[in-house]
Amino acid sequence: MTDAYPDWEPPLAGTEVEHLIGALERLRTTFRWKADGLDADGLNKRIGSSTLTLGSLLKHLARAEDEMFTVKLNGTDRSKPWRDHEWDEGQHWDFDSAADDSPIELYALWDSTIARSRERVAEALAKGGLDFESQLGWGGKKASLRRLLCDLIEEYGRHTGHADLLRENVDGRVGEDPPRGWRPG
């Protein structure tokens, strides 16, 4: 008897849309599993001299999602709390302020941002597919939704690797994938 195919896995054979969304969803799920169920101490634990924490990654990736699928995709204003903060080039407010947020606030921020991102991507796909023209562009050319999805996959790939190390340092949790049936706490 074989186990059911995990719902967080991309399809074995599917369309380009299914594979891109599937790859992003797998990284989102793996990242959220790595950050799941921790108290403030766990979310604020560091490795060596690095200032990264799982809490700061939760907040940063929520900002990255919001910026990707509001400002860059649709040209609309950032959502809260991002629009309530003045941003300077090179500033890391999302990383630096996470230690002041409770675990409940950090998990809720990430979870609600992901839900909005899924809606916005679905709307763009319905309007123009992966070739939907975003508001991000240079030199008179606009980036496609395909490009934005690939950029976010890259961002998650980078930070999910960080989350692997941070979570192992917190409580020894290791592994590439969440267990079957896992859902955020």
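It should be emphasised that the depicted structure is a prediction, and the values quoted were computed from it without experimental measurement.
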Heavy-atom closest pair, residues [X] and [Y]:
X      : Y      : value
Ser79  : Arg120 : OG-NH2, 3.6 Å
Pro103 : Ala40  : CG-N, 3.4 Å
Gly55  : Ala98  : O-CB, 3.6 Å

Does [Y] offer a backbone N or O that forms a donor-acceptor pair with the side chain of [X] under 3.5 Å?
X      : Y      : answer
Ser56  : Thr53  : yes
Lys45  : Asn169 : yes
Glu119 : Arg116 : no
Arg167 : Lys34  : yes
Asp36  : Gly185 : yes
Asn74  : Thr76  : no
Ser144 : Phe132 : no

Look at the side-chain heavy atoms of Ile, Leu, Val, Met, Phe, Trp and Tyr, link any pair under 4.5 Å apart, and say whether [X] and [Y] land in one connected group.
X      : Y      : value
Leu61  : Val71  : no
Leu136 : Tyr156 : yes
Trp82  : Ile114 : no
Trp93  : Met68  : no
Trp138 : Leu145 : yes

[X]: what forms a salt bridge (charged side-chain N to carboxylate O under 4.0 Å, His left out) with it, not counting sequence neighbours?
X      : answer
Arg26  : Glu9, Glu176, Asp177
Arg28  : Glu25, Glu65
Lys142 : none
Glu67  : Arg63, Arg78

Taking only residues two or more places apart in sequence, or in another chain, which ones meet [X] in a side-chain hydrogen bond (donor to acceptor under 3.5 Å, both in side chains)?
X      : answer
Asp111 : Arg32
Asp151 : Arg147
Thr30  : none
Asn44  : none

Between Lys72 and the options Leu152, Leu148, Asp66, the side chain to side chain contact (heavy atoms under 4.5 Å, CB included) test singles out Leu148
- Query: Applying the side chain to side chain contact (heavy atoms under 4.5 Å, CB included) test to Leu166, which of Leu38, Leu57, Leu43 qualifies?
  - Reply: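 Single pass found, and it is Leu57.
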request  = Using the side-chain contact (heavy atoms from CB on, under 4.5 Å) rule, take Leu20 and Cys150 through it: C-alpha gap first, then chi angles, then the decisive distance, then the call.
outcome  = CA-CA 7 Å; Leu20 284 172; Cys150 288; 3.9 Å; yes
Report yes if some heavy atom in the side chain of [X] is under 4.5 Å from a heavy atom in the side chain of [Y]; otherwise report no.
X      : Y      : result
Phe69  : Thr113 : no
Arg46  : Thr51  : yes
Leu125 : Val121 : yes
Leu109 : Pro81  : yes

Quick note, salt bridge (Lys or Arg N to Asp or Glu O under 4.0 Å) partners involving residues 122-133, not counting sequence neighbours, are Asp131-Arg146
Quick note, side chain to side chain donor-acceptor pair (under 3.5 Å) partners involving residues 99-108, not counting sequence neighbours, are Lys59-Asp101, Ser102-Glu105
| query | Could you state the interatomic distance from CG (Leu149) to CD1 (Ile153), rounded to the nearest 0.5 Å? | reply |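 CD1 of Ile153 is found 6.0 Å from CG of Leu149.
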Hey, could you give me the NE2/CD1 distance between His19 and Ile21, rounded to the nearest 0.5 Å?
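His19 atom NE2 to Ile21 atom CD1 measures 12.0 Å (nearest 0.5 Å).
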For Trp33, the hydrophobic cluster (side chain heavy atoms closer than 4.5 Å, chained through members) also holds Trp182
Next item on the list: Hey, could you give me each pair passing ring pair (Phe, Tyr, Trp, His ring centres under 6.0 Å) that has a residue in residues 36-68? Not counting sequence neighbours.
Entry: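 Non-adjacent pairs meeting ring pair (Phe, Tyr, Trp, His ring centres under 6.0 Å): His60-Phe95, His60-His159.
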